[in-house]
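Notes follow the structure.
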Amino acid sequence: MSDFESVGKVDEFEIGRGKAVPVDGRMVAVFRQEDGSWHAIDDLCPHMGASLAEGYVEGTSVTCPWHAWRFCIADGTWEDNPRVKVDCFEVKVEGDEVFVREAPPADPA
Ligand code: FES
């Protein structure tokens with residue numbers, strides 16, 4: 001069972017935008033949503049390595065800033081080909097601090 005790692009204070013995350021943070025030696029894109037939910041996926045776009053945290057967020061989709069591949073920030077699915085996924089991470093907020101679980105949950109499939 002992996003541990004949650006602190007990635008900063010709630011106020012450091014802009015609502016409706018992504019932010020790349022280091023978690024256990026890799027970059028993770030954390031998204032703070034207007035409805036109070038939080039999501040985190042691998043920051044590295046599997047196409048050519050752009051930062052998905054820099055992408056345009058609309059609902060639960062983020063559009064890669066380089067070539068517009070779209071990913072679901074809730075589960076990491078590439079929306080144009082759902083068989084492809086990037087890793088998805090658990091986020092929790094305690095008080096004013098944000099935590100991300102280091103390793104992605106095991107794929108039940
Ligand atoms: S690098 Fe993300 S779509 Fe090309």
Side-chain angles (χ1 to χ4, degrees):
M1 188 69 146
S2 58
D3 292 329
F4 281 91
E5 192 173 310
S6 172
V7 294
K9 304 287 184 200
V10 168
D11 289 351
E12 296 166 13
F13 293 82
E14 207 176 318
I15 293 172
R17 301 286 303 271
K19 181 179 177 185
V21 295
V23 177
D24 196 26
R26 66 193 287 191
M27 295 307 286
V28 171
V30 175
F31 300 90
R32 179 184 181 188
Q33 297 283 73
E34 197 160 14
D35 65 1
S37 63
W38 293 74
H39 302 289
I41 60 173
D42 199 348
D43 186 46
L44 198 71
C45 180
H47 181 215
M48 290 181 72
S51 167
L52 293 176
E54 302 293 320
Y56 174 70
V57 182
E58 190 173 27
T60 55
S61 291
V62 63
T63 302
C64 179
W66 285 5
H67 314 98
W69 288 17
R70 293 176 308 131
F71 296 88
C72 175
I73 61 174
D75 65 9
T77 303
W78 177 25
E79 295 184 341
D80 301 310
N81 180 353
R83 282 175 301 179
V84 176
K85 285 181 82 168
V86 296
D87 289 333
C88 185
F89 300 82
E90 215 176 319
V91 185
K92 71 174 181 181
V93 176
E94 281 182 3
D96 65 347
E97 194 150 3
V98 184
F99 297 84
V100 171
R101 193 193 287 274
E102 291 173 5
D107 190 347

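When a ligand or atom number is given, it counts from 1 through the structure's own listing order.
Looking at residues two or more places apart in sequence or on another chain, you find no side-chain hydrogen bond (donor to acceptor under 3.5 Å, both in side chains) involving Thr60.
Inside a sphere of radius 2.8 Å centred on atom 4 (Fe) of ligand 1, the protein N/O/S atoms present are His47 ND1, His67 ND1.
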Checklist entry - Could you go step by step and tell me if Thr63 and Glu58 meet the side chain to side chain donor-acceptor pair (under 3.5 Å) rule? => result CA-CA 8 Å; Thr63 302; Glu58 190 173 27; over 6 Å; no

Item to check | Full working for side chain to side chain contact (heavy atoms under 4.5 Å, CB included) between Glu14 and Lys19 | outcome: CA-CA 8 Å; Glu14 207 176 318; Lys19 181 179 177 185; over 6 Å; no

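The existence of a salt bridge linking Arg26 and Asp43 is excluded, since no basic side-chain nitrogen approaches an acidic carboxylate oxygen closer than 4.0 Å.
Clustering ILVMFWY residues whenever any of their side-chain heavy atoms sit less than 4.5 angstrom apart, transitively, puts Phe4 in a cluster other than the one holding Val93.
Within the model, atoms CZ of Arg17 and CD of Glu54 stand 7.5 Å from one another, a figure rounded to the nearest 0.5 Å.
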